[in-house]
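Lettering follows sequence order; numbering is per chain, from 1. Small disclaimer: the values here were computed from a predicted structure and weren't measured.
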Amino acid sequence: MLVTFLAGAISMGVIYLYACLGETIIEKVGNLNLGIPGIMCLGALGGAIGINLYYAIFGEVTIGILIVFFGILFSMVFAGLGGLIYSFLTVSLQANQNVTGLALTTFGVGLMKFIGSNMNVSRFPQASLSFKNGINFGNPEGFLGTIYKGFCEIFLSHGILVYLSFALAVIIFIVVYKTRTGLYIRAIGESPQTADSQGIDVRGYKYICIIVGSGIAGLGGLYYVFDRSGGTTFVEAAIEAFGWMSVALVIFSMWKPFRGALGSILFGGLYILPQFLPISNTQLKIFAILPYVVTVIVLIFTSIFDRKDSQPPKSLGINYFREER
Amino acid sequence: MENREIAIQCNNISKHFKGVYANKNINLTLYKGEILSILGENGSGKTTLMNMLSGIYQPEEGEIYINGELASIHSPKDAFTYGIGMVHQHFKLVEVFTALENIILGINDRRSVKEITASIKEITSKYGFEIDLNKKIYNMSVSEKQTVEIVKVLYRNANILILDEPTAVLTPQEIDKLFFVMEKMRDDGKSIIIITHKLNEVMRISDRITILRKGEYITTLNTNETNEKEITEFMVGRKIDLKLERLRILAGPPVLEARNLRILKDDGTVAIENLNFFLRGGQILGVAGIAGCGQKELCEAIVGLRPYEGVITHKGESINGFTPQMIKDIGIRMSFIPEDRLGLGLAPDLSITDNLLLKTYDEKKGILVDRKSARNDAVQLIERYKVVTPSTETPVKNLSGGNVQKILVGREIGNDPNVIITAYPVRGLDINSSYMIYDILNEEKSKNTAILFVGEDLDVLMTFCDKIMVLCHGVNMGIVHTKNTTKEEIGLMMTGSLDLTKDNKKIFGFADDSLVTDEKWEELLREDQIRRKK
């Protein structure tokens with residue numbers, strides 16, 4: 001049971017992890033994108049369109065790697081377009097970030113509902129098999145065998161998108177904290193004036209980070225539909241809820257990718273925990289708020305200790321305009 | 001002089017914001033290996049001009065020649081390629097980064113950290129900087145941050161340095177150090193433009209002086225052929241009397257008395273330790289001290305914005321632990337003119353009228369605010385203090401520093417206060433605006449108002465205040481009558497070299513004619529301890 005729970009927590013948390021990583025990149029350049037739920041919907045929608053396109057081109061022949069490729073590509077493009085809209089409005093036109101983000105959420109959720117309700121979803125469970133395809137780890141006997149099997153089920157039984165998400169956490173950590181590019185990105189988020197006066201292309205970096213971040217966040221939606229739900233649930237309301245949770249996870253993770261990865265497992269675990277406990281519907285609701293409560297507690301503690309290193313990027317939510325007086 | 005090589009030549013530069021010219025037909029010449037001061041009152045366009053040289057703004061008209069070639073500076077990056085580096089008044093540093101990270105920010109330098117560190121060390125030792133490259137900026141003092149800024153610019157091989165008010169936040173010793181470095185850089189062939197308000201520094205450090213007034217170019221003078229008086233005339237456009245006046249009137253009984261004050265800073269460290277003082281009606285008590293020695297916290301505690309240990313009384317009645325509203329409710333008219341005008345004093349995005357309303361909104365009954373009379377007040381205030389503004393409905397953040405301060409002071413004086421607490425009321429203001437503020441304070445003094453004046457310019461404190469209390473790291477070094485002291489003495493007290501409270505039998509800050517008896521003081525102090533325990 002513990003094995004099933006842990007494997008479930010990881011698998012569930014990946015939805016949050018993609019969105020959290022994407023939003024982390026966006027917030028690192030100082031933009032608070034509340035459009036994440038909408039962008040995840042766009043990602044799911046894009047993935048669905050891509051997969052239907054695959055079947056339209058190749059018919060019933062299943063080439064797993066191509067299905068996954070089509071899903072990821074279209075998912076990221078759609079979500080990235082959402083990011084492009086957001087960055088054009090906030091970076092170029094200086095629109096209020098919160099309002100733009102909320103509008104984008106409404107747009108993304110609405111668009112998925114509008115197009116998705118007429119979409120042919122019949123092939124999704126079939127496509128989902130390509131996403132979920134894990135590693136076959138055999139069936140050894142004995143005590144050691146049980147441990148081995150448990151280990152494999154927790155860590156190795158997942159689909160490709162799970163591994164990709166954790167790999168991304170590592171890559172993003174290295175880029176943001178260990179490279180010159182990351183230094184520039186963090187500088188922009190902390191003090192765009194400083195970055196600008198040092199000749200860093202603030203607008204360019206913001207556009208790139210917001211679009212790439214949105215693309216990554218969109219994979220969360222793709223993953224939910226085609227891996228976690230096995231292609232059976234193509235519902236925007238569920239994705240929207242995961243989106244808000246992911247925004248909370250960014251705060252919980254203190255804008256750090258590794259903490260985001262651990263936090264996603266925690267959030268995922270809290271989400272599926274009720275399934276493993278004999279509890280009533282009311283208690284279920286209480287469980288559902290736990291991730292938010294945890295986030296609030298973390299916020300309280302980091303505020304009390306006021307460590308400069310675990311604060312949000314200083315210019316978060318503030319647009320930058322060079323000639324402002 | 002004229003046959004020296006020219007580093008920067010600006011011809012007829014113009015730039016305007018929202019229909020108002022910030023710079024109009026400015027000419028400027030900077031030679032190689034010289035220090036040029038740019039002088040002008042607030043809003044004369046100094047910073048705008050410098051921002052155009054460093055690529056933050058673009059000029060709308062005119063040409064800039066650098067080393068004899070026509071230059072177009074569209075971004076800070078362009079400025080670097082021309083060898084121009086600017087140290088801004090508000091430092092452009094990332095607080096959570098180390099000095100090293102800030103220095104290499106934005107440079108495409110493929111060398112290893114070790115090599116970069118070595119070449120930075122080379123620069124620092126050449127000019128005599130002291131800098132810890134691995135220290136985070138938020139752990140640094142103002143002077144250290146400035147050093148990082150200058151090293152940053154030098155590391156970019158800048159040959160033309162622009163320093164925007166570099167001395168405003170430094171102690172005299174730090175200024176000496178900065179000037180020493182500047183001279184070294186000049187001797188090394190670099191050109192330096194320095195913007196400062198302090199005339200004595202201009203005379204001391206610069207080779208030539210360019211004067212701007214209201215966005216226009218006035219003249220350029222050789223420093224050794226001019227004097228402070230002439231410069232001032234060029235700056236303000238007419239002769240003005242530089243003499244500050246100390247009103248000699250008979251001071252009344254103590255209005256505000258404070259004993260055993262202990263105040264903490266935001267980060268929990270001690271700002272003020274065991275401080276006693278009193279304010280008399282019709283008297284100005286100056287507070288001297290290096291920036292950050294607890295002045296800000298003291299002001300905030302007095303007006304009820306910051307908790308404190310100890311006792312403060314008003315006309316013999318304890319106002320211990322009162323909020324600003326409670327102070328107002330018992331009929332004390334206390335005015336606070338804080339250091340941070342647009343943060344603590346005024347709401348930047350609100351209009352002049354609305355800002356005036358913030359003080360008087362609860363005087364009228366009913367749920368609606370009385371905008372009409374507030375607008376009348378605003379019109380009167382604008383007329384009385386000659387505020388330059390398009391209308392009463394202009395957001396105050398769009399006004400220049402001097403005008404913002406006039407509105408704040410006007411509002412705070414408007415309710416006829418009997419206590420005024422003010423910190424650096426003329427900081428960043430031009431001479432005309434400064435004197436207007438001094439005049440207003442003197443007028444209030446003649447109405448028997450008790451005034452606490454936190455200042456930075458010792459000359460002003462010496463001539464303007466009746467008494468000066470000197471703080472050194474939150475500890476009272478003594479309270480002196482300005483007529484019995486010298487600038488040197490106060491300077492020594494500021495740095496902690498002289499402590500009058502040490503070998504003096506008299507306890508400083510206790511009024512001989514205190515309105516509170518000794519027994520009552522003890523009782524109040526006991527009450528304070530009980531109050532804090534709760």
Side-chain angles (χ1 to χ4, degrees), chain A residues 24 27-30 91 94 96 174-206 208-209 254-256 302-325, chain B residues 15 17-18 20 22 43 47-48 51-52 54-58 73-81 84-88 90-98 100-111 113 116 136-139 148-149 152-153 155-156 162 266-268 397-400:
Chain A
T24 301
E27 294 195 8
K28 279 285 176 199
V29 287
V91 179
Q94 306 283 320
N96 180 300
I174 292 170
V175 170
V176 170
Y177 288 99
K178 300 289 168 195
T179 67
R180 204 171 279 272
T181 314
L183 190 69
Y184 295 180
I185 290 173
R186 284 183 291 137
I188 292 168
E190 289 292 334
S191 168
Q193 294 82 2
T194 304
D196 194 20
S197 70
Q198 295 319 311
I200 296 170
D201 182 2
V202 175
R203 281 185 175 203
Y205 273 98
K206 280 201 172 204
I208 290 170
C209 287
M254 294 287 128
W255 296 265
K256 293 189 170 75
T302 50
S303 304
I304 290 173
F305 294 120
D306 193 30
R307 281 197 41 219
K308 296 259 182 191
D309 294 325
S310 53
Q311 296 300 316
K314 219 176 195 170
S315 81
L316 185 60
I318 304 163
N319 287 332
Y320 174 61
F321 179 53
R322 187 189 282 169
E323 295 214 358
E324 194 163 78
R325 283 170 46 109
Chain B
K15 170 87 183 170
F17 292 102
K18 296 181 186 121
V20 182
T47 303
T48 306
N51 277 338
M52 283 192 278
S54 61
I56 305 270
Y57 301 153
Q58 266 85 61
I73 309 170
H74 290 294
S75 70
K77 208 168 190 163
D78 291 345
F80 288 135
T81 53
I84 301 175
M86 179 156 175
V87 175
H88 295 264
H90 306 287
F91 299 140
K92 308 250 178 195
L93 295 171
V94 182
E95 292 266 312
V96 295
F97 285 8
T98 62
L100 181 67
E101 284 173 323
N102 268 292
I103 291 169
I104 63 172
L105 199 61
I107 312 180
N108 239 339
D109 196 334
R110 293 283 165 219
R111 291 180 298 170
V113 175
I116 292 172
K136 292 262 170 89
I137 301 296
Y138 61 77
N139 285 329
V148 175
E149 280 278 25
K152 195 167 90 176
V153 168
Y155 182 66
R156 283 162 175 69
I162 302 171
D266 287 336
D267 58 8
K397 69 169 181 191
N398 291 353
L399 305 179
S400 77

TODO: Please confirm whether the backbone N or O of B:I107 pairs with a side-chain atom of A:R180, one donor and one acceptor, at under 3.5 Å?
DONE: yes
Open item on the list: Could you measure the distance from the OG atom of B:S75 to the CG atom of A:D196? Nearest 0.5 Å is fine.
Closed with: 8.0 Å
Open item on the list: Quick check on B:L93 against chain A: is it the side chain, the backbone, both or neither that has a heavy atom closer than 4.5 Å?
Closed with: backbone
Open item on the list: With a 4.5 Å cut-off on side-chain heavy atoms, are A:Q198 and B:R156 touching?
Closed with: yes
- [ ] Over all heavy atoms of both residues, which pair between A:S191 and B:V94 is shortest? Give the atoms and the distance, please.
- [x] CB-CG2, 4.4 Å
Task: Candidate list B:M86, B:K77, B:K92, test side-chain contact (heavy atoms from CB on, under 4.5 Å), partner A:S197, passing option - done: B:K92
TODO: Compare every heavy atom of A:G199 with every heavy atom of B:P76, then report the nearest pair and how far apart it is.
DONE: CB-N, 4.1 Å
TODO: Heavy-atom distances under 4.5 Å only: say whether A:L183 touches chain B with side chain, backbone, both or neither.
DONE: both
Task: Closest non-hydrogen atom pair, A:Y184 against B:I104 - done: OH-O, 4.4 Å
- [ ] Check the pair B:V96, A:E190 against side chain to side chain contact (heavy atoms under 4.5 Å, CB included), reporting the backbone distance first and the verdict last.
- [x] CA-CA 8 Å; B:V96 295; A:E190 289 292 334; 3.5 Å; yes
TODO: Check whether any side-chain heavy atom of A:K314 lies under 4.5 Å from a side-chain heavy atom of B:E95, and answer yes or no.
DONE: yes
- [ ] Could you tell me the separation between the NZ atom of B:K152 and the OG1 atom of A:T194, rounded to the nearest 0.5 Å?
- [x] 6.0 Å
